[in-house]
Amino acid sequence: MKKLILSLFIAGLALAASAEDGHLLWLRCQPVNKAKVIVKKTSPTINMAKEELETYYNGESVTLKLDAKMPDDDGYRIDGTTITARRDVGLLYGAYALLRMQETSALSPQPSAIAESHPTYSLRLLNHWDNPNGTVERGFAGRSIFWNEELRMKNEELMKIYARANASIGINGTVLNNVNAKPEALTTESLQKAKEIADQLRPYGIRVYLSINFASPIKVGGLTTADPLNSDVIRWWKDKVKEIYKMIPDFGGFLVKANSEGEPGPQDFGRTHADGANMLGKVLKPHKGIVMWRAFVYAPQSPDRANQACLEFMPLDGQFADNVIIQIKNGPVDFQPREPYSPLFTSMQKTPMMVEFQITQEYLGAANHLVFLAPMWKEFFSFVKPASLKAMAGVANIGDDTNWCGHHFAQSNWYAFGRLAWNPDLTSEQIAEEWLRQTFDLKAEANSSLFTLHSSLLNVMLDSREACVNYMMPLGIHHIFAGTHHYGPEPWYAPRGVRADWTPPYYHKADSIGLGFDRTLNGSANVKQYPEELCRLYNDINTCPENLLAWFHHVPWDHKMKSGRTFWDELCHKYDDGVHQARHFLTVWDAMQPYVDSQRFEEVQRKLRIQARDAEWWRDACLLYFQTFSHRPIPQDMEHPVHNLDEMMKFNIPIGMYENPAQGYTK
C-alpha cells in the first residue's frame, strides 16, 4: 500500500510539473495511430470521421456504414466497433461519441454494448457576437476568431480546432457576427470572408449564418427605405440572397435583431415583426434558408420590461412563415443569474420557437467566475418542454485567447450547451463528469484520495450557479449590476438622463417597506402571462417559490420565510452563504494541485481567488445599501461586511479590466 501511495504521489508530482494551456479544450486524447477504419464511401465529412478514428481510437479496427433505413437525422448507432448512420455527418458524430466513450471509460457503455443516439433538435447553433473590427461584444476571451486580420496566418489551425470541438458535441451551425449587426456584414468583401470560413467548417457538418442589419437596403444598397413591403427593397434582398448562395451554397440563413435597443426594424416603417420576418423568409425559402427572428424587445416607456415580448409577439402568433423561427431568450428580462422562464414559450402555440441561452457570462462574473451553466439550462427545461422548441442557440464565449474562453472552466459551458442541444435529457452531473474526465484526466477509480477530490470538484461545478445567485442576487433580486458593463454590484446606479429600465432601482424598488418588483395581478400583472397554475402560484406571496420571491413581489422586510427568518435576515444569510461557497471552491481547487498540470492549476487558482473576493464585494455592497432602506441590523450569527458602503460606492473597475477581465484585477 505504501508503495502504491508513493507511486501515485510521484506520478502526481510529475503531472503537476508539466503544463497545459487549455488550447485543445476537451479534445486532449493522444494520437495512437493504430486503428484501421473500414468504410466503402468517401466524402470530406466521412474522411474527417475516418481520420479522427485512425488517429485517436485505441482499438484495432472500426467499421463505418451508411444505412438509409436509419431515421432521417444526424443520429448514429454504435454496435461494438461498427458505427452506422443515415448521413455522412452522423458517422462523424458517431466517431466522436466512440472517442468520448473511450476517454470517459467507466461513464460510457462498454464497447460490446449498442448505443443509438439521435438529436432532439436539427438546429444546434452558436451565436457569435463578433464585430467586423475584431472585437466581441460581451466577450471575455480576447478578440474574434473570425474577423481578426492578425489571425489570418494561423486561421486554418484555429478553425480546425474550433470545428472539431463543435462537431464533437454536435453543434451544426454558427452565426458569424453580432446580433447588433453592422450593415457591412452584407458587403461583397465581408461575404467573401464568410465564404472562406464556411469552406473550412463545412466538412465538420457546420453551416454558417449571418446576423443582418434590417436597414441594409439603405446603408449598403443605397435605397431610401427598408420597408419590407416595398418592391425595391424586396428586389434588393432577393439579389443579395442570390449573391450569398452563389458564394456559400449551404448558407443557413439570417439572424435578426429588429426594433430592439435602437436597432432598425420593420416597425420603423409602420410594419410588424411578421411583415419583416416573412419578407426575409420568402426570399430565403427557394434556397432552403431560415430566418431566426429575435423576440428580445422592450420599450423605454413600458412599466414592466418583462411584459414586452408577449405584448408584441402574441398578437402575431400564427402569422409567421414556416421558415421563420422566433428566437427567445430563456428568461423575460436578460440572461440574469436566475429568472423565471419567458412566458412567451408557453403563450405562443402556432409559431416555431427556439431558445437562446447565453454561454458567455455577461451577468455571471465574466471570465473570472467559475459558474457551470448546465443547472440553469436544466431549470429552464423543467418548465419548458424540449419538444415544444424547434432549435437551440447559445451566445458563444469564444475568443482568440489561448484557452478560447478566458477561464478554463468556462470551456465546460460551451461543452454543456452542445451536449444539451443534442439531448436536453442529459443531467448536469453527467455533462460535468464527462467534461472533467476529458479535460483534466481525473480518472480516479484506483485512487481513493483523488476519488474524493474528484467528487468535491464535481460538486463545485454543480453548486457554482446557485452560489453565484447567492452572492449576487438571491431570492429573486435581479439586474442590480454596475451600469454598462454588468460585472460588479451597483444597486444604487441611477445617473440622471439614463433610461429607468437600464438602472437597478427600476428592478429592486427598495424602500422602507421592502424589496422587489410587484408583478402580481395588483402590480404589472406579469404573472398573468403564465399558465393559470403558475399564475396562481407566483401571484401569492405565500406560495411563490422563494428563489423568485423578489422577482414577482415587493417583499416586506419582516415577511416570514420558510426558514423561520424574516426576509431581511434570510437575504443577509443568502449573501453570506454565497461568500462561503466561493471560498470553499478555492479550498477544493487548492487540494487538486498534485493532480492537475501546473499552468492550468495556477490560472484557475488565480480566478477562484478573484471570485472569492468578488463574492465579498457583492455581499458587502448589496447588504449595506439595502440596509439603508430596511434599517435592520445584520444578523449576529453570520459574518458581517468587511467594507463600508461609501467605499463600495466609490469603487470603479479599471476600464482595461472589463475590456479583458480574463487578465484579472485587484480591488
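Since this is a predicted model, take the numbers as computed values, not measurements. Basis for what follows: all heavy atoms, side chains included, without hydrogens, waters or symmetry-related copies. Counting begins at 1 with the first residue of the sequence.
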Checking [X] side chain against [Y] main chain: does a donor-acceptor pair fall under 3.5 Å?
X: Asn403; Y: Cys405; answer: yes
X: His631; Y: Thr628; answer: yes
X: Asn307; Y: Ser524; answer: yes

Would you call [X]-[Y] a salt bridge at under 4.0 Å N-O?
X: Glu570; Y: Lys562; result: no
X: Glu639; Y: Arg583; result: yes
X: Arg536; Y: Glu532; result: yes

Are [X] and [Y] close enough that their ring centers fall under 6.0 Å?
X: Tyr363; Y: Phe335; answer: no
X: Phe345; Y: Phe380; answer: yes
X: Phe357; Y: Trp377; answer: yes
X: Phe409; Y: Trp589; answer: yes
X: Trp502; Y: Tyr493; answer: no
X: Phe440; Y: Trp435; answer: yes
X: Phe313; Y: His273; answer: yes
X: His486; Y: His479; answer: yes

Just do the side-chain hydrogen bond (donor to acceptor under 3.5 Å, both in side chains) check on Tyr341 and Ser382 with the steps written out, would you? CA-CA 10 Å; Tyr341 76 89; Ser382 71; over 6 Å; no
Rounded distance [0.5 Å steps], OH in Tyr507 versus CG in Leu515: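 Answer rounded to 0.5 Å: 15.0 Å.
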Any chance you could measure Leu475, atom CG, to Leu571, atom CG, to the nearest 0.5 Å?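 The CG atom of Leu475 sits 6.0 Å away from the CG atom of Leu571.
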Please test Phe481 against Trp618 for ring pair (Phe, Tyr, Trp, His ring centres under 6.0 Å), starting from the C-alpha separation and ending with a verdict. CA-CA 10 Å; Phe481 297 92; Trp618 271 94; 5.4 Å; yes
Quick one: is the NZ or CZ of [X] closer than 6.0 Å to the six-membered ring centre of [Y], and within 45° of its axis?
X: Arg419; Y: Trp422; answer: no
X: Arg519; Y: Phe552; answer: no
X: Arg124; Y: Tyr121; answer: no
X: Lys509; Y: Tyr506; answer: yes

Side chain to side chain contact (heavy atoms under 4.5 Å, CB included) between Gln593 and Phe601, intermediate numbers included: CA-CA 6 Å; Gln593 186 167 11; Phe601 173 80; 3.5 Å; yes
Evaluation steps, side-chain hydrogen bond (donor to acceptor under 3.5 Å, both in side chains), between Asp590 and Gln605: CA-CA 7 Å; Asp590 284 347; Gln605 184 186 59; 2.8 Å; yes
Would [X] and [Y] count as having a side-chain donor-acceptor pair, cut-off 3.5 Å?
X: Asn470; Y: Gln581; answer: yes
X: Glu434; Y: Tyr415; answer: yes
X: His554; Y: Asp518; answer: no
X: Asp637; Y: His573; answer: yes

For a side chain to side chain contact (heavy atoms under 4.5 Å, CB included) check, start with the C-alpha distance between Ile359 and Asn127, then their side-chain angles and the critical distance, and finish with the verdict. CA-CA 9 Å; Ile359 306 171; Asn127 288 182; over 6 Å; no
Apply side chain to side chain contact (heavy atoms under 4.5 Å, CB included) to residues Tyr471 and His369 and explain how you reach the verdict. CA-CA 12 Å; Tyr471 64 69; His369 294 201; 2.8 Å; yes
For Tyr595 and His454, run ring pair (Phe, Tyr, Trp, His ring centres under 6.0 Å): C-alpha distance rounded to whole Å, both residues' side-chain angles, the deciding distance at 0.1 Å, then the answer. CA-CA 10 Å; Tyr595 309 105; His454 172 79; over 10 Å; no
Does atom NZ of Lys378 have more than 12 heavy-atom neighbours from other groups under 6.0 Å away?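 Yes, NZ of Lys378 has more than 12 neighbouring heavy atoms, counting only those of other groups under 6.0 Å.
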Flag yes if more than 12 heavy atoms outside Glu137 fall under 6.0 Å of its CD atom; otherwise flag no.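 It does: Glu137 CD has more than 12 such atoms within range.
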Reference residue Met392; test side-chain contact (heavy atoms from CB on, under 4.5 Å); the match among Thr120, Leu125, Val355: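 Of all the options given, the one that passes is Val355.
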Side chain to side chain contact (heavy atoms under 4.5 Å, CB included) evaluation trace for Met354 with Ile328: CA-CA 6 Å; Met354 61 190 293; Ile328 310 166; over 6 Å; no
Determine the interplanar angle of the Phe629 and Tyr625 rings, folded into 0 to 90°, and report it as parallel if under 30°, tilted if 30 to 60°, perpendicular if over 60°.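 Taking Tyr625 first and then Phe629, their aromatic rings stand perpendicular (interplane angle over 60°).
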Mind listing the closest non-hydrogen atom pair of [X] and [Y] along with its distance?
X: Phe372; Y: Ser464; result: N-OG, 2.8 Å
X: Arg600; Y: His408; result: CG-CE1, 3.5 Å
X: Thr360; Y: Ala396; result: CB-O, 3.4 Å

Check the pair Glu339, His478 against side-chain hydrogen bond (donor to acceptor under 3.5 Å, both in side chains), reporting the backbone distance first and the verdict last. CA-CA 8 Å; Glu339 297 186 52; His478 52 289; over 6 Å; no
